[in-house]
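Note on naming: letters A, B, ... go to the chains in the order of the sequence lines (proteins, then strands), and numbering restarts at 1 for each one. Side chains are part of it too, since the values below use all heavy atoms of this structure and drop only hydrogens, waters and symmetry mates.
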2 protein chains.
Amino acid sequence: MKKSITIKDIAKKLNISTATVSRALRGSSEISKETKSAVMKIAKEMHYHPNLLARSLINKTSKVLGVVVPTINRQFWSNSISGIESVAYKKGYKVMIFQSAESYQKEVEIVEILANSMVDGILIAFSKETQDYAHIEDLRERGIPVLLFERVCESLPLSKVITDDFFGAKCIVNHLIERGKNRIAYIGGPLSLPVCMERFRGYQSALLENKISFDQDLVIEISDFDADFSSNAFKNLWHSGNRPDAVFCFADILALGVLAASKELGIKVPKDLAIAGFGNDDITKYVSPSISTMAQPSFEIGQLAAKLILKEINFEEEDEFVFRTEIIKPNLIARESS
Amino acid sequence: MKKSITIKDIAKKLNISTATVSRALRGSSEISKETKSAVMKIAKEMHYHPNLLARSLINKTSKVLGVVVPTINRQFWSNSISGIESVAYKKGYKVMIFQSAESYQKEVEIVEILANSMVDGILIAFSKETQDYAHIEDLRERGIPVLLFERVCESLPLSKVITDDFFGAKCIVNHLIERGKNRIAYIGGPLSLPVCMERFRGYQSALLENKISFDQDLVIEISDFDADFSSNAFKNLWHSGNRPDAVFCFADILALGVLAASKELGIKVPKDLAIAGFGNDDITKYVSPSISTMAQPSFEIGQLAAKLILKEINFEEEDEFVFRTEIIKPNLIARESS
DNA sequence: TTGTACGCGTTATCAA
DNA sequence: TTGATAACGCGTACAA
């Protein structure tokens with residue numbers, strides 16, 4: 001570990017005070033041009049670099065945003081993070097990333113670390129397990145701005161950015177119905193998760209409005225967002241004899257699983273089985289035009305989330321800040337299949 | 001901004017010195033059980049939280065790793081980051097993420113910010129533009145451990161983790177040849193990028209060993225790793241009349257572009273056109289078994305990268321640390337197409 | 001076992 | 001325009 005050059009060193013060299021050096025370095029207007037340039041010169045010569053941590057300690061602001069997501073390596077989350085980072089960087093903020101791995105325990109630990117690291121704000125998408133929000137209320141008490149995105153808790157008085165899942169689900173199921181399907185299965189995550197519930201409600205709503213009877217046996221809850229899970233779930237469903245003519249999947253990865261399974265089973269897609277799901281448009285665009293996608297603007301969600309929390313952080317009259325909930329509509333991407 | 005509780009506050013409350021509090025809080029053996037538990041009790045009551053920045057300033061270690069990647073929202077990079085974060089977290093390290101957006105300028109800025117933030121180590125994958133490595137040598141002079149991954153510079157005396165691109169490319173092209181293809185096109189990025197060059201060399205090597213003549217016109221350099229680019233590039237190639245019977249793509253996303261284009265053109269895949277590319281196995285697994293994939297173990301690369309730099313950071317005899325270059329072999333994933 | 005005093009690198013306040 | 005000094009929150013050598 002090398003000893004690093006500090007303002008003290010350059011003050012000593014020039015026989016001036018550290019205060020002067022500090023001011024000169026940041027181009028304060030009350031420093032003469034001569035000393036300024038002298039300081040600059042020596043600073044360069046000695047390879048001086050300001051210590052951001054020390055600065056944070058005094059300024060009580062670290063210019064760091066903390067982000068907690070269930071996992072980084074899923075398109076939706078990495079896109080959001082990318083969006084967050086891009087606007088944060090533009091405004092001079094750094095981003096610290098953590099993945100809760102869908103564990104409540106880990107999420108709590110992470111939030112604690114983040115808070116103790118003097119981050120200026122925290123953006124969080126809850127893990128599947130998270131039911132208790134004491135760790136979030138703690139942050140409020142500590143005066144740390146928090147923003148919830150995508151996996152949120154309605155009752156928390158915080159800014160939120162979410163996808164309009166009800167609308168999206170309803171819309172895409174309607175799309176399937178318009179194509180003449182009426183035995184539409186739903187494969188998705190645990191209904192205890194608000195997101196899952198919303199999409200499920202959208203699915204039900206579309207059926208209802210079109211006077212299609214709801215069949216509980218066509219609803220499959222799986223525990224993990226993994227293609228193998230949906231693949232197996234679908235195979236079971238198919239073999240059970242209670243066959244759907246369409247499947248609405250909670251996520252694109254699940255749709256891929258169903259697609260793979262139906263290929264295995266020799267089912268003609270979308271003639272005998274239409275597949276649809278939430279996700280990013282790549283799937284419809286490049287993978288299989290027979291899969292209809294409800295494209296989530298994940299990158300934009302991240303951007304908006306960062307913008308909102310930065311607004312809150314830098315708000316002049318803190319008391320008057322109003323929490324906003326932004327509901328972003330996804331885009332239906334459906335191609336006429338060949 | 002709320003005033004936060006410090007050891008001073010709890011020292012005052014108990015009429016003891018901050019030193020005692022500090023020691024008690026971290027369970028020092030030289031503190032009596034009584035004071036220890038008294039301190040703990042008050043600390044809990046007053047909602048004390050240690051300030052990690054202040055601690056870093058003294059300890060000269062922040063327990064933070066800096067990561068710089070070209071972009072977060074591409075599978076390969078987000079997977080690597082996920083791998084890095086997972087092992088870092090286990091060892092008590094935090095991770096700070098930046099994306100260079102393939103800009104040398106931004107990369108340099110980021111590295112400076114990271115270094116000034118007292119990160120304990122930096123993991124970096126160079127941007128496409130990066131040709132000059134002064135910013136990296138700066139880090140060395142400042143005594144900050146650096147690890148290069150995937151987009152590296154051979155001549156830098158640092159630990160590196162990379163994919164065996166030559167091997168992978170050769171292997172996958174051989175696979176195409178074994179399937180009877182001999183007019184194999186290559187669509188990839190700028191050959192100035194070492195990774196691109198390696199894969200190109202592998203491609204050439206496979207042709208050579210199989211006594212297939214190399215046709216420069218079948219080599220297409222595109223500027224961006226985007227499916228639309230490869231799609232257009234392929235269409236042009238096809239229309240030029242100089243038609244390949246197989247395409248080896250630098251990346252999976254490019255393969256998807258070619259697949260989309262060939263569907264548009266009514267080309268039978270893989271009968272009239274076999275497609276192969278580097279990427280993650282999802283594509284072969286779920287998207288189209290007719291695309292053969294050279295699966296990069298991106299998550300594992302991240303894990304290994306983190307392990308290596310942590311080893312370097314925590315090495316006892318710093319002088320004896322030996323830089324290692326880990327070359328990870330990708331896995332060919334090819335299904336018999338239907 | 002505990003306290004005193006100083007230091008980490010920087011900035012802010014006040015005085016000169 | 002500049003300097004001395006305290007402060008940010010914490011850890012530690014040294015002394016008691």
Enquirer: From the options dT10(C), dG3(D), dT12(D), select the nucleotide whose nearest atom is closest to the side chain of I16(A).
Expert: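 The answer is dG3(D), which lies nearest to the side chain.
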
Enquirer: Other residues, nucleotides and ligands only: do more than 12 of their heavy atoms fall within 6.0 Å of NZ on K13(B)?
Expert: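 Count not over threshold, so no.
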
Enquirer: Is R151(A) salt-bridged to E102(A), cutoff N-O under 4.0 Å?
Expert: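 Salt bridge flag = yes for E102(A) with R151(A).
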
Enquirer: So, OP1 or OP2 of dT2(D): does either fall under 4.0 Å of a side-chain N or O from T35(A)?
Expert: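 For dT2(D), OP1/OP2 do have a side-chain N/O of T35(A) under 4.0 Å.
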
Enquirer: Distance check needed: dT2(D) P versus K33(A) NZ, whole Å only.
Expert: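 Atom-to-atom, K33(A) to dT2(D), this comes out as 13 Å.
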
Enquirer: Pick the nucleotide of DNA chain C nearest each of R26(A) and R23(B); which residue has the one closer to the 5' end?
Expert: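 Residue closer to the 5' terminus by nearest nucleotide: R23(B).
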
Enquirer: Kindly say whether I113(B) contributes a backbone atom to a donor-acceptor pair with the side chain of S117(B) at under 3.5 angstrom?
Expert: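 Indeed, once roles are kept as given, a pair shorter than 3.5 Å links the two residues.
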
Enquirer: Between T18(B) and S32(A), which residue's closest nucleotide on DNA chain D lies nearer the 5′ terminus?
Expert: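 The residue closer to the strand's 5' end, by nearest nucleotide, is S32(A).
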
Enquirer: What is the separation between atom CD1 on I7(B) and atom P on dT12(D), rounded to the nearest whole Å?
Expert: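 Answer to the nearest Å: 11 Å.
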
Enquirer: Taking the side chain of A19(B) as heavy atoms from C-beta outward, which of dA5(C), dT10(C), dG11(D) is closest to it?
Expert: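 Selected nucleotide (nearest to the side chain): dA5(C).
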
Enquirer: Just how far, in rounded Å, is C1' of dT2(D) from CD1 of I10(A)?
Expert: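 Rounded to whole Å, this separation is 15 Å.
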
Enquirer: Report the distance from atom CD1 of I97(B) to atom CD1 of I81(A), rounding to the nearest 0.5 Å.
Expert: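 If I round to the nearest 0.5 Å, the distance is 7.5 Å.
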
Enquirer: Is the distance from OP1 or OP2 of dG3(C) to the nearest side-chain N or O of T20(B) less than 4.0 Å?
Expert: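 Looking at the OP1 and OP2 atoms of dG3(C), one of them is under 4.0 Å from a side-chain N or O of T20(B).
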
Enquirer: Output the rounded distance in Å from NZ (K8(B)) to C1' (dC8(D)).
Expert: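 Atom NZ in K8(B) sits about 8 Å away from atom C1' in dC8(D).
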
Enquirer: Any side-chain N or O of K36(B) less than 4.0 Å from the OP1 or OP2 oxygen of dT1(C)?
Expert: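 Indeed not, no polar side-chain atom of K36(B) lies that close.
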
Enquirer: Can you tell me if the side-chain N/O atoms of K3(B) get under 4.0 Å from OP1 or OP2 in dC8(D)?
Expert: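 It does not, given that no N or O in the side chain of K3(B) lies less than 4.0 Å from OP1 or OP2 of dC8(D).
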
Enquirer: Find the distance I58(A):CD1 to dC8(D):C1' and express it as a whole number of Å.
Expert: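 One finds 6 Å between C1' of dC8(D) and CD1 of I58(A), rounded.
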
Enquirer: Rounded to whole Å, how long is the line connecting atom CG of L53(B) with atom C1' of dT10(C)?
Expert: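 Checked: the CG to C1' distance equals 13 Å.
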
Enquirer: Can you find a side chain N or O atom of K60(A) that sits less than 4.0 Å from OP1 or OP2 on dG9(D)?
Expert: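 Affirmative; the distance criterion is met.
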
Enquirer: What is the separation between atom CD1 on I31(B) and atom C1' on dG3(C), rounded to the nearest whole Å?
Expert: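 So the CD1-C1' distance, I31(B) to dG3(C), works out to 10 Å.
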
Enquirer: Taking only side-chain nitrogens and oxygens of S17(A), does any of them come within less than 4.0 Å of OP1 or OP2 of dA4(D)?
Expert: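 No, because none of the side-chain N or O atoms of S17(A) sits under 4.0 Å from OP1 or OP2 of dA4(D).
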
Enquirer: May I ask you to verify if any side-chain N or O of R55(A) is less than 4.0 angstrom from the OP1 or OP2 atom of dG9(C)?
Expert: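 No, because none of the side-chain N or O atoms of R55(A) sits under 4.0 Å from OP1 or OP2 of dG9(C).
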
Enquirer: Send over the distance from E30(B) CD to dA16(D) P, rounded to a whole Å.
Expert: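 Distance, rounded to whole Å: 17 Å.
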
Enquirer: Kindly determine whether T130(A) and Y104(A) satisfy side-chain contact (heavy atoms from CB on, under 4.5 Å), including the steps that lead there.
Expert: CA-CA 5 Å; T130(A) 307; Y104(A) 169 68; 3.8 Å; yes

